[in-house]
Amino acid sequence: MKLRIWIGLLGLGILAGLITTFRIHTEGFVVYAKTDVLAWTLPLATYIFFSLTSAGLAFVSSIPIVLGLKRFEVIEKRTIFLEFSVLIGSFVCLILHLGSPLKVIYFLLSPNLTSPLWWIGTLYTIYFIIIVTAFWQRHTARTSRTLGILIFLIAIATSTTLGWLMGMTDARPLLNPSFLIMYFPLTAFVCGMAALLLFSLATAYFSNKEISPEKNDLYNELARIMGITAGLVLILFLWRSIIGGVSSTAYEYSTFRHMIGSISYNTELWLGMLLPCVLMLARSIRITGWGKIVASASLLIGMLAGRMELILSGLVRPLGQMAEGRPEFVTYMPSLSEVYVVLFGLSVILLIYTIGERYLKLEELPE
Amino acid sequence: MSRYAMVIDLQRCVGCSSCSISCRTENNVSEGIYWSHKRTETVGTFPNVRFHYLPTLCNHCENAPCVRGCPTNAMHKLDNGITMHDSKKCIGCRYCMINCPYGVIHFNWKDPHSFWRGKEAVLKGGTSSPVEENRAVGGKIMPYYNPEREETFSGIRPKGVVEKCTFCDHRVKKGKLPRCVESCPADARIFGDLDDPKSDVNKLIGKFRPFRLKESLGTKPKVFYIRDFSSASYPKTKGGI
């Protein structure tokens with residue numbers, strides 16, 4: 001009965017997404033809260049969030065092979081499957097961001113190697129193939145060392161190339177490459193851990209399964225690393241705010257000062273970093289299931305807001321002739337259709353995960 | 001091979017927007033999209049105020065960030081230096097819009113020329129619908145459709161792709177001037193070849209002190225601005241405390 005309600009809810013999310021897809025096809029992107037100034041909005045921010053979370057999960061899944069910590073093998077299969085699910089969800093959001101997604105064939109027919117976007121498309125395609133192969137290998141026997149290392153390397157490549165994508169925009173210095181090259185992999189890692197903890201604990205809770213002491217210790221260890229990493233991200237984030245927002249006098253950086261008061265900035269700071277860091281560094285809270293669930297959920301919500309904040313900080317000040325007849329800063333509030341895109345991506349992830357949980361023995365240990 | 005550029009003489013420009021209007025009709029530009037536009041700025045405190053007007057268009061940068069960033073080469077450079085776009089290859093990622101420092105690239109968020117797709121009469125019982133009117137004059141989507149545009153580019157760009165000024169490459173190819181240059185009543189726009197030392201653009205660039213937009217970014221724009229219009233004068237003064 002519980003499962004039917006769950007599948008029904010996911011079906012509703014997917015239905016909302018399909019209706020949005022149809023509306024985009026017939027009416028165009030007017031269903032989004034778009035302007036030529038805000039050319040990238042919530043669907044792209046969600047794509048970045050999901051794709052980086054998937055890369056973060058890749059870091060976690062490669063721990064047994066890259067770092068040689070064999071005790072992490074018990075969560076390896078679930079992590080790889082989650083990587084796959086989240087990556088599919090990111091593709092859903094990306095497709096609904098692109099104006100003409102069917103033309104991606106030109107990535108092959110007319111490649112531009114100077115474009116970070118081309119590299120991202122290529123790397124994520126390779127990444128997808130590697131994950132599918134790795135999962136199949138893990139499902140039938142054990143992940144090979146080569147594949148495990150490849151997953152780790154591709155996760156570094158994808159997360160840092162996303163930094164290049166943003167940072168190449170010289171006219172928008174707020175999308176600072178040197179900052180993002182560190183910030184993206186680090187936040188990817190912390191999101192990966194949060195997603196794994198949240199999905200694993202929620203699965204155990206809803207299926208009334210007892211968590212073994214061995215696994216519980218592992219989750220506590222992960223939660224501690226998550227808290228420490230959230231703290232590191234917080235330090236990086238605060239320095240970005242100070243250097244880019246408070247101490248800089250450059251005209252372009254006034255946008256950042258403007259963003260510091262925004263909802264997305266504060267959600268990222270308080271929910272995405274401070275709260276999970278404090279909760280997971282307090283041992284009495286960390287060892288509880290609810291503590292880990294609250295911290296992980298809070299971190300993921302905060303990081304999604306953070307991806308939005310990052311994009312907006314580069315776009316809210318209109319450039320060049322786009323400034324004609326517009327205020328110094330434009331405002332953004334997502335439309336209902338954009339929220340449906342997020343729900344669509346999330347529902348797809350959860351549906352794939354639910355199917356995997358039911359039929360693919362995600363708890364299985366390697367042979 | 002030519003290397004085309006434009007000089008805009010701000011002393012001659014009166015801000016009549018003839019360039020923008022003629023560009024729209026020449027290139028079948030849809031509402032909400034501006035291949036040729038302007039920046040206006042009011043400075044000073046009343047009663048000492050002044051109104052500035054700066055015509056804008058794609059700068060056809062030599063180091064075009066939009067071209068470097070386009071994943072499918074939809075945005076590309078022609079041999080003559082014009083930054084060109086291919087709608088067929090455009091995936092609608094809008095990375096060029098994010099990369100362009102000048103804000104001159106627009107996206108077709110919906111089907112273009114939506115007014116002319118209307119099936120209801122503007123005045124019921126009084127006028128025909130836009131679709132009927134268009135059909136009556138034999139237009140393609142809209143009555144004033146210019147078929148020459150489709151010689152080198154999509155005649156009308158579809159929903160889901162970007163578009164921008166092409167220096168009227170289809171006209172330049174036939175030895176004609178870009179439409180905005182031809183239609184300027186004040187001859188404020190001067191078009192020519194930078195590789196020809198005797199061209200008018202080179203004469204003007206050499207004679208006056210030109211500036212280009214956001215030169216510090218290293219994009220090497222091909223639109224040069226010269227002079228400035230000011231009819232004002234002031235009595236000689238050293239100011240005071």
Side-chain angles (χ1 to χ4, degrees), chain A residues 24-32 34-41 44 94-95 97-122 164-166 168-173 175 252 311 314-315 317-326, chain B residues 32-41 53-59 63 65-76 86-112 114 157-162 213-214 216-219:
Chain A
I24 290 169
H25 181 69
T26 50
E27 298 169 43
F29 285 88
V30 284
V31 297
Y32 287 175
K34 53 75 212 163
T35 62
D36 278 327
V37 174
L38 293 171
W40 285 357
T41 52
L44 186 82
L94 180 64
I95 287 168
H97 162 77
L98 295 177
S100 309
L102 295 178
K103 293 184 197 164
V104 289
I105 186 71
Y106 284 102
F107 265 71
L108 289 176
L109 301 178
S110 180
N112 180 9
L113 303 191
T114 64
S115 167
L117 201 55
W118 184 85
W119 282 102
I120 283 176
T122 308
W164 179 27
L165 175 85
M166 295 288 181
M168 191 176 148
T169 55
D170 290 341
R172 302 175 195 270
L175 303 176
E252 290 84 357
I311 288 179
L315 303 190
R317 181 196 287 282
L319 288 182
Q321 72 179 32
M322 293 291 181
E324 182 68 9
R326 288 194 170 97
Chain B
I33 290 176
Y34 301 88
W35 286 21
S36 171
H37 202 28
K38 62 177 167 47
R39 290 289 316 271
T40 46
E41 189 189 12
Y53 181 97
L54 189 81
T56 54
L57 67 159
C58 171
N59 285 274
N63 293 332
C66 58
V67 172
R68 277 189 298 146
C70 180
T72 59
N73 285 312
M75 201 67 85
H76 58 280
D86 185 347
S87 307
K88 290 188 192 93
K89 289 182 185 173
C90 180
I91 61 168
C93 64
R94 312 192 276 286
Y95 191 39
C96 51
M97 293 172 74
I98 305 295
N99 260 319
C100 175
Y102 308 106
V104 295
I105 306 175
H106 290 258
F107 186 70
N108 284 284
W109 299 103
K110 56 180 179 179
D111 284 321
S114 52
R157 281 62 59 191
K159 176 177 70 190
V161 303
V162 297
L213 299 179
K214 298 184 181 176
S216 61
L217 292 175
T219 52

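FYI, side chains are in, hydrogens and waters are out, and symmetry mates aren't considered; it's all heavy atoms of this structure. Source: prediction; values computed, not measured. In what follows, every chain begins at residue 1, and chains take the letters A, B, ... in the order their sequences are listed.
- Using a 4.5 Å cut-off on side-chain heavy atoms (C-beta onward), K88(B) and K103(A) make no contact.
- In this structure the side chain of E324(A) never reaches within 4.5 angstrom of the side chain of T56(B), judged on heavy atoms.
- Put simply, the side chain of N112(A) gets close to the backbone of C70(B): a donor and an acceptor are under 3.5 Å apart.
- Only the side chain of L315(A) comes within contact range of chain B, with heavy atoms under 4.5 Å apart.
- The NZ atom of K159(B) sits 6.5 Å away from atom NE2 of H25(A), with the distance rounded to the nearest 0.5 Å.
- To the nearest 0.5 Å, the span separating OH on Y34(B) from CG on D36(A) amounts to 10.0 Å.
- Once rounded to the nearest 0.5 Å, the distance linking CD1 of I311(A) with CD1 of I98(B) reads 8.0 Å.
- Interface residue F107(B): backbone and side-chain heavy atoms are both found under 4.5 Å from chain A.
- Residues P65(B) and D170(A) form no side-chain contact, since every pair of their non-hydrogen atoms from C-beta on lies 4.5 Å or further apart.
- With rounding to the nearest 0.5 Å, the separation of NZ in K110(B) from OG1 in T26(A) is 13.5 Å.
- Residue V162(B) does not touch chain A at all, counting heavy-atom pairs closer than 4.5 Å.
- Side-chain atoms of Y102(B) and L319(A), non-hydrogen and from C-beta on, never get closer than 4.5 Å to each other.
- Contact annotation: the side chain of N73(B) never approaches that of Y106(A) to less than 4.5 Å [non-hydrogen atoms, C-beta and beyond].
- Contacts between I105(B) and chain A at a heavy-atom distance below 4.5 Å involve the backbone alone (N, CA, C, O).
- Contacts between K214(B) and chain A at a heavy-atom distance below 4.5 Å involve the side chain alone, from C-beta outward.
- A donor-acceptor distance shorter than 3.5 angstrom exists from the side chain of T114(A) to the backbone of R68(B), with no hydrogens or angles considered.
- Within the model, atoms CD of Q321(A) and SG of C100(B) stand 8.0 Å from one another, a figure rounded to the nearest 0.5 Å.
- At distances below 3.5 Å, at least one donor-acceptor pair connects side-chain atoms of R39(B) with backbone N or O atoms of G320(A).
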